[in-house]
There are 2 protein chains.
Amino acid sequence: MNVSSKPERTRLSAEDWELAALHLIAEQGVGALAVEALARQLGVTKGSFYWHFRTREALLQAALERWEQYGEREVLGQIEQIADPRKRLPELFRRVAHELQPHRVYAALLKALDHPQVVPVMARVSQRRMEFLTTAYREAGLPAPQALNRARLTYAAYVGFLQLNFTLGLPRINHEEFDAYVEHMIATLIPA
Amino acid sequence: MNVSSKPERTRLSAEDWELAALHLIAEQGVGALAVEALARQLGVTKGSFYWHFRTREALLQAALERWEQYGEREVLGQIEQIADPRKRLPELFRRVAHELQPHRVYAALLKALDHPQVVPVMARVSQRRMEFLTTAYREAGLPAPQALNRARLTYAAYVGFLQLNFTLGLPRINHEEFDAYVEHMIATLIPA
DNA sequence: AAGTCACCATACGGACGAGTATGGATCGCC
DNA sequence: GGCGATCCATACTCGTCCGTATGGTGACTT
């Protein structure tokens with residue numbers, strides 16, 4: 001009990017800073033990413049930070065790239081293994097709806113689209129997801145142009161939902177009602 | 001050419017500051033709302049500002065309330081006059097899609113939902129719009145629970161669209177393609 | 001056991017923005 | 001045309017946060 005109260009007294013690596021940065025972004029947004037605040041949270045001081053990174057901007061960049069690389073497979077990787085294209089979209093909807101935690105960073109980044117560093121990342125990620133949705137709709141039986149528009153609509157609904165329920169607390173929809181909403185989405189957006 | 005280059009040399013009122021604040025919010029977001037920047041833009045200095053407002057926070061509050069009061073009738077006020085409930089929703093979709101300018105403030109506020117002052121305003125405004133949508137869907141023939149969920153889906157799509165196209169410039173959809181997308185939305189979301 | 005390298009603390013400089021103090025200008029009014 | 005109220009400029013203080021400089025400490029080599 002003499003060494004430290006809570007944090008493990010191991011030394012830090014650049015990866016630790018990046019993960020902590022992503023965590024902070026998910027909780028308080030990109031604007032709250034300050035080096036002294038992060039350092040406090042990690043139990044060290046700025047001196048540590050500026051050994052690992054040249055600047056605050058560099059940390060943001062590294063964190064964003066890490067998120068883009070390692071964060072995407074969790075979302076889309078599993079889904080691609082579902083053989084039946086017919087079942088794929090409903091399954092995707094239900095999983096996304098019930099595992100909202102990985103989407104917190106995306107929601108936070110969505111609110112920082114005025115920041116020059118996040119725009120290209122979000123553009124790539126969103127574009128990739130959109131393409132995934134589009135082909136999924138085509139495989140589900142929609143003709144090409146309709147599939148694209150349906151993907152746009154679906155993805156917009158996803159993004160809007162994140163905003164309205166994470167950040168804003170619209171009449172705090174409860175659990176059963178939420179499930180009903182998801183099924184309504186499936187019935188409305190996915191062709192029979 | 002000696003007095004001033006561009007701005008009119010009239011004195012300012014609190015209303016001028018609030019309108020300028022809303023304009024700045026629409027263009028650069030809530031975070032960019034700085035009093036010295038605003039003062040420069042209005043051709044005065046901070047001395048003027050702190051006569052009209054006690055603090056920066058007070059300006060934000062006043063601007064938000066002004067937006068909530070006077071900004072809403074333009075969006076929903078006209079629509080309520082459309083007699084046929086059947087025609088109301090498609091007309092609403094098309095108008096909103098083609099007059100995106102009044103929605104810029106809303107889009108900016110959406111990205112500032114971590115700010116304590118904007119949350120209640122956005123909660124009220126969104127709630128009101130949601131209720132409008134819900135009754136519109138009921139009048140269009142949907143049973144109550146479905147109407148609510150459809151309204152949720154529609155509004156989420158609206159919000160998501162604002163994010164993805166204002167701030168992010170997803171593959172910069174062109175004009176004809178955009179019209180096709182709006183019609184696709186109408187066909188998909190509005191019951192025949 | 002001495003030295004080297006990786007990691008971190010402390011202390012400082014400087015930019016920026018909010019808010020205050022105070023005096024000057026200008027308008028309305030009698 | 002003088003006078004009070006309104007509006008604005010100038011010149012500060014203060015707190016926050018980025019980045020720098022420099023010295024210290026632990027672990028690991030040889």
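- One donor-acceptor pair, N or O on each side, does fall under 3.5 Å between the base of dA6(C) and the side chain of R11(A).
- Distance CG/L64(B) to CD/Q69(B): 11.5 Å, rounded to 0.5 Å.
- Applying the ring-ring contact (aromatic ring centres under 6.0 Å, His included) test to pairs two or more places apart or on separate chains, those with a residue in residues 71-107 of chain B are H103(B)-Y158(B), Y106(B)-Y158(B).
- Residues meeting the salt bridge (Lys or Arg N to Asp or Glu O under 4.0 Å) test with R66(B), sequence neighbours left out: E15(B), E18(B).
- Atom P of nucleotide dA6(C) and atom CG of D16(A) are separated by 17 Å, given to the nearest angstrom.
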Run the side-chain contact (heavy atoms from CB on, under 4.5 Å) check on M130(B) and L148(B) step by step: do they pass? CA-CA 8 Å; M130(B) 273 284 302; L148(B) 177 57; 4.3 Å; yes
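- When the shell of 6.0 Å around CZ of R56(A) is examined, it contains more than 12 heavy atoms from other residues, nucleotides or ligands.
- The 12-atom threshold is not exceeded at CD of E57(B), counting heavy atoms of other residues, nucleotides or ligands nearer than 6.0 Å.
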Protein heavy-atom contacts under 4.0 Å, written 5' to 3' over nucleotides 15-21 of chain D as B (base), S (sugar-phosphate only) or - (none), form the string --BBBB-
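- Rounded to an integer number of Å, the gap from CH2 of W17(B) to P of dT6(D) is 18 Å.
- For dC8(C), the OP1/OP2 oxygens have a side-chain nitrogen or oxygen of H52(A) closer than 4.0 Å.
- Comparing dC7(D), dA9(D), dT10(C) against the side chain of W51(B) picks out dC7(D) as the nearest.
- At whole-Å resolution of the value, CG in L12(A) and C1' in dG26(D) are 14 Å apart.
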